[in-house]
Amino acid sequence: MKLFRYGPPGAERPGIVAPDGSRRDLSGLIGDLSGAALHPDRLHALGQTDLLALPAVPEGARLGPCVAGVRNFIAVGLNYADHAAESGMPLPDEPVLFNKAPSCIVGPNDDLELPRGSTRTDWEVELAVVIGRDAYRADLTTARAAIAGYCVCHDVSERDYQMERSGQWMKGKGCPTFGPLGPYLVTPEEIADVQALDLWLDVNGERMQTGHTSSMVFGVMELVAYASQFMRLEAGDVITTGTPPGVGLGRTPPRYLKAGDIVELGISGLGAQSQRVVAGP
Ligand code: ZN
């Protein structure tokens with residue numbers, strides 16, 4: 001199943017792609033794509049309903065982030081060996097976890113706002129996992145069972161804030177609009193092998209990142225199980241699993257986003273995002 005949210009920011013409604021490809025409104029069946037509604041059993045039940053009998057979603061409706069009510073937005077650093085190398089960082093012995101502020105989450109095609117004064121805002125295409133049932137100290141099997149689905153995440157990053165302002169990376173990772181999620185929350189049965197997906201990112205039509213989830217240092221299930229050793233993961237939490245090489249920081253000379261740029265990114269089977277870069281407040 002491909003699920004999504006649509007409508008104005010803060011007033012999105014849940015939707016689903018029907019078998020004929022049409023987009024249908026789910027708000028008669030669930031309140032939103034959040035919390036208990038993300039339980040894998042409940043999502044499975046949605047797929048059993050007559051989707052073509054549901055109201056159609058208006059053409060051209062804005063897409064919101066594909067999950068609501070995110071309480072923990074966890075990111076993984078240096079999870080592709082070639083990206084760690086371009087960043088000049090050693091490969092970690094255990095997954096590097098850091099936080100993105102949940103308030104940075106926006107729709108997949110919303111404007112990307114450069115923080116005022118920012119000179120080093122960078123791009124990172126990533127595969128994100130959405131948790132559908134609570135998990136604490138999960139093993140690989142319970143980690144798999146806890147997953148509601150997958151989506152594209154743009155882990156937008158301000159490198160000065162991240163690396164030159166002391167302390168944790170979170171300073172450069174949670175600015176408003178730094179977390180586009182979507183277009184779709186894709187349930188696991190649609191993804192034959194989550195470690196066999198292509199990732200790509202273009203800036204102004206020029207290919208910057210090309211990657212494959214088979215190159216992850218720590219695999220998706222391992223990351224979910226690992227994170228759950230340190231906290232209770234809850235339905236609606238998002239874990240974004242690291243970026244492949246090709247970020248602006250790793251280029252010679254480095255290249256960063258500026259107002260007017262268009263960033264497009266996607267993952268096979270999960271859809272694509274497109275953002276216009278604008279000067280933020
Ligand atoms: Zn990242």
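Counting convention: from 1, in listed order, for ligands and their atoms alike. Just so you know, these numbers come straight off a predicted model, no measurement behind them. Hydrogens, waters and symmetry mates play no part in the numbers below; they use all other heavy atoms, side chains included.
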> Taking everything shown except Gln168 itself, do over 12 heavy atoms lie less than 6.0 Å from its CD?
Replying inline: no
>> So for atom CZ, which belongs to Arg62, do other residues, nucleotides or ligands contribute more than 12 heavy atoms lying within a distance under 6.0 Å?
In response: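 Above 12, so yes.
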> Can the positive tip of Arg23 be found less than 6.0 Å from the middle of the six-membered ring of Phe4, inside 45° of the ring normal?
Replying inline: yes
>> Do Lys100 and Phe73 form a cation-pi contact, if we require the NZ or CZ to be under 6.0 Å from the six-membered ring centre and within 45 degrees of the ring's axis?
In response: yes
Give the atom name of whichever N/O/S atom in [X] sits closest to the Zn ion (ligand 1).
{"X": "Glu124", "result": "OE1"}
{"X": "Glu126", "result": "OE2"}
{"X": "Asp155", "result": "OD2"}

